Every structure is written in structure tokens, then in C-alpha cells.
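Working notes for the structure below.
Heads up: numbering here begins at 1 and tracks the sequence. On a predicted model such as this, the values are computed, not experimentally measured, just so you know. Atom set for the values below is all heavy atoms of this structure, side chains included, hydrogens, waters and symmetry mates excluded.
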Amino acid sequence: SALIGVLNNAIESQMERLRKGRSQVLETNHTLVLGWSTQIFTILNELMVANENQSNARIVILADKDKVEMEDEIRERVEVKGKTRIICRNGSPIDPNDLEIASPHSAKSIIVLPPETSDPDTDVIKTVLAITNNPNRRAEAYNIVTQIRNAKNMDVLKLVGEKDNVQAVLTGDLIARVVAQTSRQSGLSIVYTELMNFGGDEIYFKQEPALAGKTFGQALLAYEDSCLMGLRKADGKILLSPAMDTRVEAGDQIFALSADDDTIRISNQSQPPINEAVIRSSGRAVQPRPEKCLILGWNRSGTTIVRELDNYVAKGSQVTVVADVDNIEKQIRANGGNLKNQTLAVEEGETTDRDLLNKLGVEDYDHVIVLAYSTLEAQEADAKTLVTLLHLRDMAEKDETPFSIVSEMLDLRNRELAEATQVDDFIVSEHLISLMMAQLSENAELFDVFIDIFDPEGAEIYLKPVDDYVATDEPVNFYTVVEAARRRGETALGYRITSETGDAGKSYGVHTNPKKSAQVTFRPEDKIIVIAEN
């Protein structure tokens with residue numbers, strides 16, 4: 001009986017230890033996620049899709065949270081695919097001793113999630129420091145993906161990880177640029193999501209000796225099932241949609257949007273089937289006119305959004321900010337600098353108040369941006385946003401010249417509720433950042449491409465009127481669209497069918513990397529998705 005008692009206690013002790021998640025992880029070549037936040041569910045779902053065809057994929061999570069709670073939440077919100085296994089461990093990511101439990105030195109990539117606190121950058125820097133300066137660290141560089149809120153902390157992070165490949169996404173600037181650009185181009189946020197998720201097509205690099213000596217413009221028509229986006233020169237420099245006469249040299253790599261890396265194949269067609277009769281001229285020059293933009297609500301991205309809008313609008317434009325927050329104008333002046341193209345008006349008020357919205361004359365604005373309050377909990381902030389959107393939808397339905405509405409949501413689960421408001425675009429900020437981090441954890445080479453795509457300097461992604469490129473109301477293949485864009489010095493990535501904007505199953509009308517020989521009949525309100533200088 002004494003022996004049975006000893007054995008029983010030993011087994012119970014071991015079971016309790018396993019339940020608490022304090023046992024050593026024995027995996028190698030795994031993806032390690034450090035920390036816990038709502039972003040983890042998007043990251044896990046994306047990694048599941050990315051590893052669906054792998055037989056031995058492992059994802060290890062180390063967080064200062066009960067192991068059983070983590071496993072329960074993952075079961076509820078993550079769709080397990082393929083043979084990928086998720087292993088949870090309890091421990092502090094900033095403690096070097098706890099880090100050893102998750103075997104960071106044998107991981108292929110490490111994702112550091114910021115905590116949901118007022119100053120998450122401090123914990124991110126500490127966690128990266130605990131990895132890179134660990135006395136047991138490996139000789140080769142770690143691949144670490146994380147995010148930083150304050151731009152001033154980027155330099156500190158670079159110092160901490162100077163010997164390693166530390167890639168940090170500057171969240172505030174990225175989301176602000178997406179909001180600013182999307183407010184003027186409906187559907188752009190969906191295009192970004194399509195480019196960054198693992199469902200459908202992704203961006204791949206490939207060395208293509210057969211293209212050596214040809215121009216980038218000629219290379220655009222060389223693929224049937226892939227959309228060429230740019231070149232990576234032999235020295236590593238990324239050229240997103242370079243000039244059409246840029247030569248592809250030996251040692252250069254192309255990067256393209258494709259279903260898989262092995263689907264980037266040069267077409268056997270010697271002469272692409274281009275229909276010259278439907279190609280329109282280089283396009284009409286449209287004189288930019290002053291615009292009026294209304295921002296309802298406020299968060300830490302607000303000042304950057306105002307500054308970014310100033311880079312896109314014509315002189316004489318106006319931006320009005322209305323929020324239940326003090327000192328907004330002071331924040332903008334301190335962080336956004338002087339505005340060159342637009343005048344600023346700030347009013348304090350409750351954005352869910354219908355009387356206030358009527359008083360503002362919302363219908364007189366070209367664009368309305370609804371921001372989530374960062375001072376509130378995610379669900380409370382999204383609830384406030386939903387009420388504001390319901391009022392705006394009602395006002396838009398009564399207006400003969402409807403304004404565009406772009407809204408920021410904090411929780412992806414609230415998007416389905418928000419779709420009832422028929423808003424032009426939803427930007428789930430943390431979801432977009434999570435998609436990018438998952439992509440970078442699988443392919444670190446994409447970092448420079450993403451930075452270039454979101455950089456306001458140089459080429460960017462635009463949705464432009466289809467009749468600037470090809471004739472409408474008659475069948476046309478995508479080879480012809482690519483050629484029409486090429487003649488304008490632009491790279492075509494796809495198109496948006498306006499009649500499908502309410503259909504989530506058809507990606508809200510966004511079609512990236514369509515089969516080039518397939519024909520489509522455009523309507524005048526449809527858009528062509530291009531990479532262009534302006």
C-alpha cells in the first residue's frame with residue numbers, strides 16, 4: 001500500500017506538471033509563438049493553411065497563461081488542418097529560463113506577440129533580448145518576427161537583434177496608411193488581405209534564366225497563371241513594378257503572385273492573344289479636385305492618418321475630426337507636422353449621436369472614416385463603431401450622391417455584424433498585421449516587398465476605372481488588360497467586379513491573379529487593380 005501510494009503521488013505530480021505546461025518541448029524546426037493576444041488566432045489559422053501539405057509541422061506557444069485555457073480557446077477559434085500539431089506551454093517569454101521550455105534554439109522562426117497593455121513595446125524588446133542574448137543561444141541567426149507601436153523603439157530593437165534577422169512591423173504607420181489609402185479607393189483593404197493571406201495566391205521569388213536580357217514589360221506577358229510584380233536585383237534591391245524598359249539581368253529574381261512556387265511557369269504561347277481593338281488610349285488626364293474627409297472617433301493612428309491623407313489630396317482639401325477625446329488638434333500638430341494640402345477642423349462630440357451627425361452634414365463629405373477608440377475595450381469600441389455605422393448607412397441611403405465609408409474594427413468576429421451596415425471597406429487592424437507576421441514567419445524574404453508595397457514613396461497599389469484600360473460590355477481576356485496597363489507604365493494584378501462587392505464568397509468582388517486567357521465582361525463601374533506611381 002505504501003508503494004502504491006508513492007507511485008500514485010508520483011503519477012499525480014507528473015500529470016499536474018504536464019497539465020500546467022511546464023515540461024520541455026522536444027520539437028525541432030518548429031514555429032515558436034511567444035506571448036498571447038487576440039492576434040494569435042489569425043496567426044494560427046494562417047499557419048495551418050501554410051502547413052496543410054506538410055506531414056510533420058509543429059507550432060509551439062509559450063505564454064504566461066494557463067495551458068488548459070490556451071488549448072480550450074484554440075479549439076474554439078482555430079480550424080486544425082492537415083497534420084499540424086499545436087503545443088502549448090506555460091511560462092514568461094521575457095524569462096530566459098522559461099524560454100528554454102519552448103526550445104527556441106531549434107525553432108525555424110519565432111513570432112513575438114506584444115501583450116495587450118499600454119506599453120507593449122517594452123515587453124517585445126525584453127523578449128527579443130531574452131532570445132538573442134541567451135547564454136545557450138545558437139551560432140546561426142534567429143528569424144524573429146514581431147511588431148512595434150512606437151517608431152522610436154525601432155532603433156532599440158535593431159540594436160538588440162543586430163546579429164539576427166529581426167523583422168518588426170511598425171503597426172501604427174502601416175494601419176494608418178491602409179486607412180488613408182482605402183478611404184479614397186474602395187476595395188483596397190481587400191486587395192491587401194488577398195496578397196497577405198495563405199488562402200489562394202501568394203508572393204513567391206524565382207530565378208528565371210529564360211527572361212535574362214528581356215525587359216520587365218516583355219516579362220509581364222510571359223506567364224499564364226502568375227502575375228509578375230517586380231524584380232529583386234542581384235544585390236538584393238527590390239524593384240516593385242519598375243520601368244517597363246528595365247532589363248532582367250543574370251542573377252536577378254522575379255517575384256510574382258501565384259498559387260504556389262512551382263506554378264510560376266513561362267507560358268508556351270509565342271504570341272499572347274491580345275485584342276488591340278478593345279484597348280483604350282493612355283487614359284484621360286483627370287485634374288484633381290479638393291476633397292472633404294470626415295474622421296469620426298480617434299486612436300493612436302489618427303495623427304498618421306491625417307498626415308497620410310495630406311499626401312494624397314489636392315490643395316484646398318479639408319479634413320474634419322469629431323471624437324469624444326481632448327486635445328486632438330494638439331496631438332496632430334505635435335506629431336503630424338504642418339498640413340500642406342488640407343485645412344484641419346476639430347470638434348469634440350459623441351460620434352454615436354444622430355443629432356450631431358445631422359448637424360455635421362455628413363452627406364456633404366466625399367469620404368468618412370470611422371476609427372475605433374483605443375481607450376476602450378475591443379468589444380465596447382466595436383459596439384460604438386457599429387452604432388455610428390448604422391446611422392451613416394441610413395444617411396447614405398437618403399443621399400443622392402453617397403459618400404464612401406471606411407471603418408476600422410478591432411475584433412474580426414465583429415466584421416460579420418458590421419457587414420449589415422453595407423460599408424465600403426472594413427479594416428481589422430490586428431487581423432492585417434497578423435496576416436503579415438504569419439507570412440514573414442514562413443518567408444522572411446517578403447519583408448522588403450511588403451515594406452515597398454506600403455511605402456508612400458514610389459509605386460503603390462491602386463484601383464482605377466476599367467474604361468481607362470479596355471472597352472466595357474464586351475468579353476476581354478486578362479492578357480489584353482495587362483498589355484493596356486503596360487502601355488501606361490503600370491503592372492496589372494487583377495480587377496474588382498462592383499456587382500460582387502457584397503459577396504464574401506467571391507472576396508467582395510476582388511479577383512487577383514486571374515488566368516490571363518480567361519475572358520471577362522466588365523461594366524463601366526468596375527476597377528482594374530494595378531501597381532502604379534500615382
Side-chain angles (χ1 to χ4, degrees), residues 173-174 176-192 194-196 203 214-221 227-233 236-248 252 254-257 279-291 304-305 307-315 317 340-342 367 446-470 478 480-496 510 512-513 526-534:
D173 278 9
L174 177 65
R177 285 172 188 157
V178 173
V179 171
Q181 293 173 21
T182 303
S183 70
R184 307 178 70 251
Q185 299 187 83
S186 177
L188 187 58
S189 66
I190 303 164
V191 176
Y192 285 143
E194 288 291 306
L195 290 178
M196 286 190 286
I203 302 171
K214 293 187 177 181
T215 65
F216 180 74
Q218 291 171 326
L220 285 175
L221 296 166
C227 265
L228 201 58
M229 297 178 67
L231 301 174
R232 179 166 66 180
K233 304 301 286 182
K237 184 178 180 182
I238 294 293
L239 301 179
L240 181 67
S241 185
M244 294 298 142
D245 58 358
T246 303
R247 292 282 171 187
V248 182
D252 291 351
I254 58 104
F255 58 92
L257 196 59
I279 294 180
R280 293 294 177 251
S281 65
S282 59
R284 58 189 182 277
V286 179
Q287 190 67 26
R289 62 176 183 82
E291 302 173 29
T304 310
I305 291 171
R307 186 178 67 239
E308 288 296 321
L309 282 171
D310 199 56
N311 295 328
Y312 294 107
V313 298
K315 208 163 190 64
S317 297
K340 298 176 182 177
N341 296 321
Q342 54 188 353
H367 317 292
L446 290 176
F447 185 75
D448 290 336
V449 175
F450 287 148
I451 292 299
D452 212 333
I453 288 175
F454 292 107
D455 192 338
E457 299 295 327
E460 297 173 76
I461 296 176
Y462 292 90
L463 287 87
K464 297 190 175 185
V466 67
D467 54 12
D468 283 356
Y469 299 86
V470 294
F478 198 64
T480 305
V481 175
V482 172
E483 174 62 16
R486 186 191 69 81
R487 295 179 185 182
R488 295 164 55 99
E490 301 170 355
T491 301
L493 295 180
Y495 49 82
R496 190 184 198 197
V510 170
T512 53
N513 186 32
D526 295 335
K527 304 287 185 182
I528 301 297
I529 305 167
V530 296
I531 306 174
E533 288 284 344
N534 53 54

What distance do [X] atom [atom1] and [Y] atom [atom2] have between them, rounded to the nearest 0.5 Å?
X    : Y    : atom1 : atom2 : answer
M229 : I238 : CE    : CD1   : 10.0 Å
L309 : Q342 : CG    : CD    : 5.5 Å
K214 : T246 : NZ    : OG1   : 16.0 Å
R496 : T512 : CZ    : OG1   : 12.5 Å
D173 : R307 : CG    : CZ    : 6.0 Å
I528 : Y469 : CD1   : OH    : 7.5 Å

Polar side-chain atom of T182 near backbone of Q185 as donor-acceptor pair, under 3.5 Å: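 Checked: no pair found.
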Sidechain-backbone polar pair: R280 side chain, V466 backbone, donor-acceptor under 3.5 Å: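 Judged by distance alone, no pair lies under 3.5 Å.
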Give the minimum heavy-atom separation between [X] and [Y], together with the two atoms involved.
X    : Y    : result
F478 : C227 : CE2-SG, 4.0 Å
L228 : I254 : CD1-CB, 3.5 Å
A484 : V470 : CB-CG1, 4.3 Å
M244 : S241 : CE-OG, 4.4 Å
I531 : A459 : CG2-CB, 3.7 Å
S317 : P290 : OG-CA, 3.5 Å

Partner residues of K233 under the salt bridge (Lys or Arg N to Asp or Glu O under 4.0 Å) criterion, sequence neighbours left out: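 For K233 the salt bridge (Lys or Arg N to Asp or Glu O under 4.0 Å) partners, ignoring immediate neighbours, are E249, D252.
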Stepwise side-chain contact (heavy atoms from CB on, under 4.5 Å) check, L463 with L188: CA-CA 7 Å; L463 287 87; L188 187 58; 3.8 Å; yes
Looking at residues at least two apart in the chain, or sitting in another chain, which of them share a side-chain contact (heavy atoms from CB on, under 4.5 Å) with [X]?
X    : answer
F447 : Q167, L440, I451
A532 : Y462, K464, E490, V530
N341 : D310, V313, K315

Polar contact flag, side-chain donor to acceptor under 3.5 angstrom, R177-T304: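 Side chains of R177 and T304: no pair found under 3.5 Å.
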Test side chain to side chain donor-acceptor pair (under 3.5 Å) applied to [X] - qualifying residues, sequence neighbours left out:
X    : result
S183 : none
R184 : E291
Y192 : Q181
E483 : R486, R487

Side-chain touch I203/V449, heavy atoms, less than 4.5 angstrom: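 Yes, side chains in contact.
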Side-chain heavy-atom pair E460, F454 within 4.5 angstrom cut-off: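 Contact flag for E460/F454 side chains = no.
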Partners passing ring pair (Phe, Tyr, Trp, His ring centres under 6.0 Å) against F255 (at least two apart in sequence or in another chain):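 Only F205 meet the ring pair (Phe, Tyr, Trp, His ring centres under 6.0 Å) criterion with F255.
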Partner of L240 under side-chain contact (heavy atoms from CB on, under 4.5 Å), chosen from D452, I461, T491: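 The side-chain contact (heavy atoms from CB on, under 4.5 Å) with L240 is passed solely by D452 among D452, I461, T491.
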Ring-face cation contact, F216 with R247, 6.0 Å cut, 45° max: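 Geometry flag: not set, cation outside 6.0 Å or 45°.
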